[in-house]
Each structure stands twice: as structure tokens, then as C-alpha cells.
Amino acid sequence: MNAVEIEQAITDLAAQPFDPVEFPYAFLEAFGNKATTIKRLRAGASNKSDLGGVLQTSNIHILTCDTGRVTQTLAVLKASPATVKAKAKFILATDGTDFEAEDLASGETVACAYPDFPDHFGFFLPLAGITTVRQISENAFDIRATSRLNRLYVELLKDNPEWGRDERRHDMNHFMARLIFCFFAEDTGIFGGKGKFTETVAQMSARDSSNTHEVIGTLFLAMNTERKDRAAANIPRWASSDDFPYVNGGLFSGSMEVPRFSKIARSYLLHVGGLDWTRINPDIFGSMIQAVADDEERGELGMHYTSVPNILKVLNPLFLDDLRAKLEEAGDNSRMLLNLRKRLARIRVFDPACGSGNFLVIAYKAMREIEAEINRRRGEPDLRSVIPLTNFRGIELRDFPAEIARLALVIAEYQCDVLYRGQKLALADFLPLSNENWITCGNALRLDWLSICPPTGTGVKLLADDLFQTPLDQTEIDFENEGGETYICGNPPYLGNTWQSAEQKAEIRDVANGRTRSPGFLDYVAGWFIKAADYIKHAGGLAAFVSTNSICQGQTVPILWPMVYSTGCDILFAYTSFKWANLASHNAGVTVAIVGIGAPSNGLRHLYEHQDDGSVVLRDGTSITPYLSMGSPVIVEKRNAPFSELAVMEFGNKPSDGGNLLLSRDGLQSLGLTEKQREKFIRRIYGSQDFINGGARFCIWIEDRHLSEAQKIQVLSERIEAVRALRLASPDKGARTILAKRPHQLKLMRIGNTHTIIVPSVSSERRPYLPVGIVDERTTLTNLVFGLYDAPLWNLALIASRLHLVWIATVCGKLKTDFRYSNTLGWNTFPVPTLTEKNTTDLTRCAENILLAREHHFPATIADLYDPDTMPADLRAAHDRNDEVIERIYIGRCFKNDTERLEKLFELYTKMTVNKGQQTKVSKR
DNA sequence: TATCCGACAGAGG
DNA sequence: CCTCTGTCGGATA
């Protein structure tokens with residue numbers, strides 16, 4: 001169960017009549033305990049209570065009691081030896097009127113009226129195993145609001161199905177945004193009297209809900225009508241009082257239609273309104289409720305939000321750090337403080353993938369904080385903010401988040417005013433809302449950013465080819481940015497090339513606009529980097545995005561980065577790969593990097609390197625490579641053949657067999673072949689898994705000349721036919737046309753004559769060396785490993801070196817942060833000095849020693865042997881020796897560290913690409 | 001034809 | 001459940 005589901009469950013529980021016997025079980029069930037767990041507690045088997053209550057080991061001790069004895073009961077629970085013995089985290093006592101609980105670890109307590117205990121659900125979330133993310137209990141309000149709005153939304157769509165169709169979705173979303181505004185406004189004093197909106201709806205609408213939509217519609221109309229015009233508009237007195245001011249700002253203009261409310265929907269509405277909306281966090285809340293309007297995402301309601309610290313990883317280096325440094329520098333100098341304030345007023349923040357606006361909101365809040373400090377130092381604490389909300393611009397594809405983004409900014413502005421200037425001044429300046437809409441709903445890759453975020457005073461015209469896509473009113477909004485700065489930021493969508501729609505591919509191709517031959521390889525997020533670079537070329541500014549880390553790896557680098565560099569942009573700062581946490585259940589954790597680009601300046605570049613232990617180390621330097629390492633930008637292009645005398649490395653066999661040609665050990669047994677048949681028709685096959693963890697797989701291996709003989713064996717011919725059928729049905733043209741004609745074989749039929757050196761394509765980053773090994777002439781490879789067929793052993797020594805690992809880790813792609821080997825990107829590009837005969841002899845011996853050391857530990861697997869915590873000393877020594885021999889060949893001594901290794905490799909690579917010119921095609925065996 | 005990638009995916013503790 | 005670590009096959013050039 002996720003937090004939203006739990007909130008719903010305990011809200012339901014609190015609404016039911018109190019049953020002292022059932023309550024403990026119902027409470028535990030609401031927190032996601034399984035029926036069987038509850039059953040065992042009921043039966044008493046796992047109930048450790050010594051007081052007649054319910055005590056779940058390592059969780060909670062619950063005791064219901066007679067009226068008026070709650071406090072005493074809690075004390076009894078605390079004193080109970082069973083509570084300690086069962087390591088309970090919480091104790092809870094209630095009589096159905098009062099409710100008290102204590103978190104025994106922190107000593108924090110909750111005491112409230114029984115019906116209000118769901119307000120404290122965040123307190124109990126550890127019961128559901130939700131402890132890892134602190135934020136969720138800190139933002140309990142946002143989850144409750146999300147949960148209740150979701151119920152309302154779903155209920156309304158049930159009653160008004162036509163509002164769920166595409167053409168009415170916007171109306172529905174706009175309606176929800178209006179409601180949220182009203183809930184916020186009624187609790188923050190913007191409307192007269194706390195809870196005035198909800199109260200009015202409750203009073204004026206019939207209990208049977210028949211006229212709820214009319215009451216709400218009337219209130220909306222009032223908020224869209226200036227006082228002086230209300231009489232003429234026939235607005236009834238109850239809606240036209242001072243309690244409901246003129247709001248507008250586009251929020252209450254447009255269609256005034258309100259969906260019809262069932263009785264249930266009406267009660268949900270009143271329920272949502274009952275929350276204390278002053279506690280809303282516009283940044284968190286916004287991204288949580290996005291899912292409300294998304295049919296596919298609704299199952300993970302409240303699970304997707306970007307954490308504030310992660311957003312600051314973008315915003316701080318982008319411009320906030322600099323502003324704070326200037327504030328520091330200004331000290332109490334009134335003139336400098338004034339200049340800084342003037343600068344703040346002209347800063348624009350532009351998020352071209354703004355979602356519900358959390359980057360914008362956080363940037364806005366941070367700037368207000370700086371402004372407030374300036375005003376404090378200048379003795380002007382009451383001064384109206386000079387930071388215009390309209391300078392926080394966004395583009396969002398989805399309608400509902402776009403609505404919410406603007407609302408979130410409006411709420412943030414009000415909250416900042418209250419915080420820094422006081423409630424009274426905040427109220428005085430709040431209404432009416434500005435009429436402009438600074439959040440554009442549309443496709444950021446199709447819209448012209450220069451017209452949505454136009455640089456003023458530079459005379460840049462709209463780009464003609466995008467003009468037709470741009471809503472005209474966007475270009476008419478004045479920016480208060482004369483002579484100001486623009487900062488582009490955000491977390492755009494990532495989508496690998498395999499998963500993009502034709503539409504999305506076309507967008508990327510159009511954005512690249514002929515500047516690369518291979519736009520088809522780019523991740524969708526690359527479009528934002530290219531557009532940002534183009535924007536900066538015309539209008540200046542800086543940009544930083546959270547991005548899948550793959551844009552700084554492997555094949556993407558030579559496609560994307562030359563394009564960005566050609567606009568005159570450079571990487572100014574970056575965060576290296578880290579896991580981007582959200583709470584979605586099946587989310588394995590996407591690995592991201594943050595990259596900031598802009599016109600080069602003389603200033604230092606900042607590289608924030610994530611270390612293995614989770615800490616971040618900041619390194620300053622003059623240049624950052626597109627692989628996010630320190631150093632001048634070298635770009636490694638893939639090659640079809642190695643430099644110099646390295647052996648040829650080939651891709652493994654792709655089965656494309658639907659499991660018919662590959663066999664487990666058991667599968668092989670069950671074929672029931674004779675010894676002779678096995679000799680002829682079966683080979684061992686290795687994938688990465690098989691090699692690293694020591695599995696055993698086999699494959700059916702039928703040479704063309706043995707085909708007719710194989711077909712006489714029924715088990716084989718059945719499998720061959722199954723493969724033929726599968727390949728004929730494949731969406732892959734190659735599989736249908738070529739592979740289906742030889743269904744008795746894997747895609748390739750490569751196998752060594754004497755031996756094969758193999759390298760797994762993906763392996764854990766924890767290992768200190770790349771796993772590489774050697775297999776015999778009866779063993780072939782899947783497409784998950786690379787093979788050097790019959791290659792001299794010294795090649796293995798090179799692959800097993802620290803030097804090679806550093807190269808692969810830098811220039812190849814990654815799967816999350818794990819090593820992903822590539823022959824074209826990593827092996828064929830690996831720079832090696834010319835090797836003498838003595839060199840190869842020495843290296844061969846090193847390779848043999850490594851293999852021998854491994855054999856001493858038979859039957860340990862590669863995974864066992866190369867576990868950094870338990871790697872055997874003799875194997876480590878063999879590798880040390882190997883590294884020493886290799887590094888002497890490179891520079892006559894050992895390298896000091898990986899940084900030096902990489903520098904040398906890039907230097908050699910640059911030399912070799914210049915000397916060798918274009919690669920020479922080497923014929924394959 | 002060869003091969004890079006995955007807002008992942010599936011196994012295991 | 002959360003942690004760990006590499007399958008599999010489509011899309012590309």
C-alpha cells in the first residue's frame with residue numbers, strides 16, 4: 001500500500017462507529033497488514049500483548065479502554081514489559097472519544113479527538129514500512145489533500161463521464177484548479193472568514209446535492225466579476241458579499257460550467273474543504289496531484305515527486321549560489337544591496353518541461369528569501385517584492401499540471417508575502433490576480449522558446465517555422481527583463497530511442513535540423529539540451545537540466561555534444577550520475593546526471609562528483625568533458641576495427657529463438673540425446689550471467705552439413721520448427737527474411753577454433769576489474785558477451801587492466817552506473833602504444849598468472865572472486881603485477897591514480913586519431 | 001548486417 | 001519489499 005491508499009483507509013476507519021474489539025485489527029489493516037497477518041493476530045498466535053490488547057512484534061501495542069481512561073491506558077502500555085520485549089515502535093490507546101499514541105523511539109506523542117486521528121497518519125507511516133523517505137511524513141498534508149482530491153475527481157468523472165473526454169478534460173482540470181484555489185483562499189484569509197467557501201457550499205446547496213453545481217458556479221461567477229458590476233450580473237447577495245472578492249487572473253474566466261455533483265461527490269467536496277489548506281507546500285503538492293488527472297498514473301498517486309534537495313542541485317549552481325555569494329559580498333552596503341535587488345527583479349527562470357511547476361516555485365521561493373534578506377539589511381522589511389511572478393515561465397505538455405503550475409506559483413507568492421511582509425500586506429496586494437498566463441500548455445520541442453521567453457531589447461524576431469505553433473497571446477506578455485538574465489532549468493522527460501513514438505522521433509529530428517546524421521540514436525531529453533543551446537546562442541543565459549545519464553555516455557556523446565558545442569555553449573557545471581528517487585513502487589531507480597551549459601566564461605567549471613559512499617565531492621577546473629570528467633573535451637567516436645595490433649573483438653550470437661535453441665542443464669538432459677548426438681549438436685553457450693555467476697547453459701548447434709541428420713531427431717526438428725514459426729512472426733524484418741530461413745541456427749555461428757577470450761557486456765560497477773575470461777572451442781557466446789576468437793592471450797591482459805576499466809567506464813555507455821562494454825566504443829578505440837615482442841611476452845605471462853590465480857580458488861565464480869570485499873590476495877597480486885607491466889609500457893612507471901590514467905588515455909587517443917586519420921577497415925576472419 | 005540501449009526488469013534475500 | 005545486477009530484442013545506420 002502506498003501513503004495515499006493508507007490515508008484513505010484510515011480516513012474510512014475513523015468515519016465508522018468505534019468498536020473497541022475490532023479497532024486494533026482494523027487499524028493494522030488500514031496500514032497495509034495482510035489478511036493472514038491479521039488472522040494470526042486474532043488467533044493470538046502472534047499477539048504478544050500482556051494487557052489484553054493487540055501487540056504486533058516490532059510494530060505497535062494497541063489497547064482500547066473504557067471512556068475517560070485513555071491517558072492512564074497509554075501509561076500502562078508504556079510500562080508493559082511486553083511492549084519492550086516485542087520491540088514495539090508505537091503504543092496507542094483510545095476509548096473512541098480520545099486518542100493518544102507515542103512513538104517510542106522519538107518520544108513524540110499524538111493526542112487528539114478520536115475522529116481526528118487520521119490527521120496524524122504521517123506519524124504512523126513507519127508502521128507501513130514507509131521510513132526511508134522522511135519527506136513523506138513531513139508532507140503528510142499534501143498526501144491527504146491529494147488523496148481527497150483524487151476521490152473527488154474520480155467521483156465527478158463517474159457522475160459526468162463527458163467531462164472525462166479529451167475535449168472536456170481542460171474544463172475539468174480548470175475546474176479542479178479553481179476549487180484548489182478556493183480551498184487555499186478560504187483558509188488563508190483571502191476569502192472572508194475561515195472555511196467560508198466550503199461553508200457556503202454546505203449551507204446553500206441542498207443535501208441531496210441537486211444544486212451543488214449551481215451554487216459553486218455562482219461563487220465562481222462572483223469571483224470573476226468586479227464588485228461594481230455584480231449587481232448588474234444578478235449575483236445573489238450570499239455570493240456577492242465581501243467574503244468572495246474579485247479574483248479573476250484568468251483563473252475564473254472562461255467557461256463557468258460546473259460538473260454535476262452526486263451526494264457522494266458533494267460530501268467529498270466538503271471533506272476536502274475541511275482540510276487545513278494553509279499547510280500546503282506548492283512545490284510538493286503540485287507534483288503529487290499531477291497523477292489525479294492522469295488515468296495511467298493514478299495508481300501511483302502521490303508517488304511521483306521530485307525532492308527539493310535534488311531540484312536545488314540544478315538551481316544552486318545555475319544561479320542561486322551566485323546570488324547568495326553576491327549577497328554575502330554586499331554585506332551591509334546599501335548601494336550594492338540595491339543593485340542586487342534590481343538584478344533579482346530582472347532574472348527570468350524558464351522551465352520548458354515544468355510539470356506542476358516545482359522548479360519554478362522553488363526558484364521563486366529561494367529568490368524571495370534572498371530579497372527578504374536584502375530588504376532586512378536595508379531596513380525596508382515591508383517593501384513589496386520586486387520579483388515579478390511573470391518572470392517564472394514554463395511549458396508543460398499536460399493540461400492539468402499546467403493549470404496547477406500557475407496556481408502553485410500564485411500560492412507561493414502569497415505564502416512568501418505572508419512570511420516576509422506579514423499577513424496584512426500580503427492580503428492587501430494579493431488580488432486581483434494578474435491576468436497573464438505564464439505557463440504555456442504545449443509541446444516544448446515544437447514551440448519556439450524565444451517567443452515564449454523572449455529576450456527583450458535584443459531585437460530577436462520569432463523563428464518563422466515555429467510561429468504557427470505558438471499561441472499568439474504568449475508573445476504579447478511583457479517581460480520585466482530589460483537587461484536581465486535568463487536561466488533555463490527543469491527535468492524534461494527521458495525516453496530511449498527504442499521507446500519513442502514516430503512523432504517524438506520526428507520532433508528530435510526537427511530540433512537537430514540536419515546537424516547530425518544520427519538523430520535517431522538520441523534520447524528524447526536531448527531535444528531539450530539542443531533547444532536550450534540554440535536559445536542561448538540567440539538570447540544568452542544558462543541552462544541546466546536533470547537528465548538520464550546516458551546523454552553523457554557512449555554513442556550519444558559524439559552525436560549530441562558536437563551539436564551543443566557548435567552553438568558556442570560549453571558545460572559549465574555538472575553532477576555525475578546518481579539515483580533519482582521517487583516513491584513509485586516498481587521504480588528501479590533511474591540514474592540521472594545534471595548538466596549545466598552556457599556560453600563559456602573565464603570562470604571555473606564545477607564538477608560535483610558522486611562518490612561510492614553517497615557523498616559529493618566538488619572539483620573545480622577549467623574544463624569538463626562531455627563524459628562528465630575534468631579535462632578538455634575529447635569525444636570518442638565508435639570504430640569498426642581496433643587501432644594497431646589489438647585482436648578483433650566481435651559481438652556474440654543473438655539467439656532470437658524464443659527459448660528453443662538455448663537449453664538449461666535440465667533442458668539438455670530432457671532432450672535425451674545420445675553421447676554422440678550431443679557431441680555433434682550441442683555446444684555450451686555463455687551470456688554475461690552464465691560467465692559471471694557460473695550458470696550452465698547449452699545450445700543446439702547444427703552445422704548446415706548436419707541439418708538433414710538433425711532433422712531426423714524428433715526433439716531437434718520440433719524445436720527447429722518452433723524457431724521458424726517464431727521468427728516468421730517477428731516484427732523484425734531481418735528475423736523474418738533471413739533468420740527464418742535457417743531456423744536451426746543462432747543468428748551468427750561464431751566459435752573459436754582453439755579458444756575464445758570473452759568479455760561480458762554488462763557487469764557490476766563494484767568490481768575493481770572488468771570480468772574477462774577464456775572459454776574452450778566447444779563454447780559459443782550470446783549477444784550479452786563479446787568474444788575475441790582465437791586471440792593471443794596478451795589481449796586478455798589488457799582487458800583485465802585497471803587502465804582499460806577506466807577507459808571503458810568513461811567512454812562506453814552504462815546500465816544505471818554499471819559497466820557496459822562495447823567493442824566499437826571501448827575496445828576499438830582503446831589507445832595502446834606499439835607493443836614490442838617482449839611486451840607481448842610479458843603480458844601473456846601476466847594473463848596466465850591471473851587465470852592461474854583464479855584456478856586456485858576453483859570453483860569460485862567470477863562474482864565471488866571479484867567481490868571487492870573478499871577478493872583473494874593472490875588474485876589481487878596478479879592484477880597488480882599486470883597493471884604494473886602495462887603501465888610501464890605506457891609511461892615507464894605506475895600511474896598515480898585514475899585521473900592520471902584517463903588523462904594519458906585521452907592524450908594518446910587524440911594523437912592516434914590524428915595520426916591514423918579515418919579508421920581502416922580490417923577484414924574479419 | 002552489427003550493436004546500443006532501456007523514467008528497466010527480474011531474481012534473490 | 002528493497003537491493004542488486006544483468007535478459008532480451010527492437011531500432012538504428
Side-chain angles (χ1 to χ4, degrees), chain A residues 1-2 32 34 128-133 297 300 303-304 306 353 491-502 505 509 516-525 546-551 553-559 579-592 638 640-641 649-659 662 687-693 695 697 726-727 730-735 737-739 747-748 750 760-767 771 782-786 812-828 862-863 867 924:
Chain A
M1 270 174 114
N2 68 37
K34 291 204 178 70
I130 302 179
T131 45
T132 41
V133 180
E297 275 185 57
E300 292 181 25
M303 299 296 99
H304 285 282
T306 309
N491 180 6
Y494 330 142
L495 205 55
N497 75 72
T498 313
W499 314 105
Q500 289 166 28
S501 66
K505 280 177 196 298
R509 195 166 48 238
T516 170
R517 285 173 298 138
S518 322
F521 278 131
L522 290 172
D523 191 286
Y524 197 47
V525 74
V546 184
S547 162
T548 166
N549 59 356
S550 72
I551 64 154
Q553 290 163 7
Q555 64 177 358
T556 309
V557 170
I559 302 171
K579 278 205 172 61
W580 189 258
N582 71 34
L583 301 176
S585 53
H586 64 262
N587 192 329
V590 54
T591 309
V592 300
K638 57 167 102 164
N640 288 332
M649 181 185 287
E650 293 179 57
F651 200 70
N653 284 323
K654 191 177 220 169
S656 297
D657 72 328
L662 263 57
S688 288
Q689 175 85 259
D690 311 305
F691 172 61
I692 294 171
N693 292 313
R697 282 200 293 172
L726 182 109
R727 288 180 181 172
S730 165
D732 181 3
K733 197 172 150 218
T737 53
I738 301 167
L739 287 181
K747 192 163 183 174
L748 305 169
R750 300 251 159 73
S761 68
V762 173
S763 69
S764 167
E765 61 168 335
R766 291 179 65 239
R767 298 186 184 116
T782 77
N783 58 332
L784 279 314
V785 290
F786 293 92
C812 286
K814 296 268 173 82
L815 185 53
K816 11 174 250 350
T817 51
D818 284 345
F819 305 126
R820 162 171 259 155
Y821 203 94
S822 153
N823 53 351
T824 58
L825 285 163
W827 177 248
N828 295 345
I862 293 287
D867 184 320
K924 300 235 166 117

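The model shown is predicted, which means the values in this text are computed figures rather than measured ones. Quick note on labels: first sequence line is chain A, next is B, and so on, each numbered from 1.
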Distance in angstrom units between A/Glu765 CD and C/dT3 P, rounded: 15 Å
Value in whole Å for how far the C1' atom of B/dC4 lies from CG of A/Asn823: 10 Å
Min side-chain heavy-atom separation A/Asn549-A/Gln553 under 4.5 Å: yes
Closest to the A/Thr548 side chain, choosing from B/dA7, B/dG6, B/dC4: B/dG6
What nucleic acid atoms does A/Pro493 come within less than 4.0 Å of, heavy atoms only: base, sugar-phosphate, or nothing? base
List for me each residue that meets ring-ring contact (aromatic ring centres under 6.0 Å, His included) alongside A/Phe819, sequence neighbours excluded, and say none if there are none. none
Heavy-atom side-chain proximity of A/Thr591 to A/Thr548 below 4.5 angstrom: no
Over all strands shown, is A/Pro771 touching base, sugar-phosphate only, or nothing at heavy-atom distances under 4.0 angstrom? nothing
Using only side-chain N and O atoms of A/Thr824, determine if any of them is under 4.0 Å from OP1 or OP2 of B/dC4. yes
Expressed as a whole number of angstroms, how long is the span from A/Asp523:CG to B/dA7:P? 7 Å
Protein-nucleotides 11-13 of chain B N/O pairs under 3.5 Å:
none

Sub-4.5 Å side-chain heavy-atom contact between A/Tyr821 and A/Phe786: yes
In B/S/- notation (B base, S sugar-phosphate only, - none; protein heavy atoms under 4.0 Å), nucleotides 6-13 of chain C written 5' to 3' is BBBBBBSS
So that I can tick it off, tell me whether A/Arg767 and A/Asp867 are bridged by a salt bridge, with the cut-off set at under 4.0 angstrom between side-chain N and carboxylate O. no
Sub-4.5 Å side-chain heavy-atom contact between A/Thr556 and A/Leu522: yes
Measuring only the C1' atom in each nucleotide, how far is B/dC5 from B/dA9? A whole number of Å is fine. 14 Å
Length of the CH2-P vector between A/Trp827 and B/dC4, whole Å: 15 Å
Nearest-neighbour nucleotide for the A/Trp580 side chain, C/dT5, B/dA7, B/dC4 considered: B/dA7
C1' atom, C/dA13 versus B/dA7: distance in rounded Å? 26 Å
How far does the C1' atom of B/dC4 sit from the matching atom of B/dC8, given to the nearest Å? 15 Å
Go through A/Tyr494 and A/Tyr524 one step at a time and tell me if the ring pair (Phe, Tyr, Trp, His ring centres under 6.0 Å) criterion holds. CA-CA 5 Å; A/Tyr494 330 142; A/Tyr524 197 47; over 10 Å; no
Are A/Phe691 and A/Ile862 packed together at the side-chain level, in the sense that at least one heavy-atom pair is separated by less than 4.5 angstrom? yes
Under the salt bridge (charged side-chain N to carboxylate O under 4.0 Å, His left out) test, residues paired with A/Arg697 that sit two or more places apart: A/Asp690
How long is the line joining CD1 of A/Ile559 and C1' of B/dC4, in whole Å? 10 Å
Measure CG/A/Leu739 against P/B/dA2 and give the value in whole Å, please. 11 Å
Determine whether A/Val762 and A/Leu784 satisfy the following criterion, side chain to side chain contact (heavy atoms under 4.5 Å, CB included), listing intermediate values before the conclusion. CA-CA 7 Å; A/Val762 173; A/Leu784 279 314; 5.7 Å; no
What is the distance, to the nearest angstrom, from the NZ atom on A/Lys579 to the C1' atom on C/dC4? 9 Å
Would you kindly give the CD1-to-P distance between A/Ile551 and B/dC5, to the nearest whole Å? 13 Å
Symbol by symbol from the 5' end, with Watson-Crick or G-U pairs under 3.5 Å, [ ] crossing and | another strand, DNA chain B is ||||||.||||||
Excluding sequence neighbours, so at least two apart, what forms ring-ring contact (aromatic ring centres under 6.0 Å, His included) with A/Phe521? none
Any donor-acceptor N or O pair under 3.5 Å, side chains A/Ser822, A/Thr824: yes
At under 4.0 Å between heavy atoms, what does A/Lys814 touch on the DNA or RNA strands: base, sugar-phosphate, or nothing? sugar-phosphate
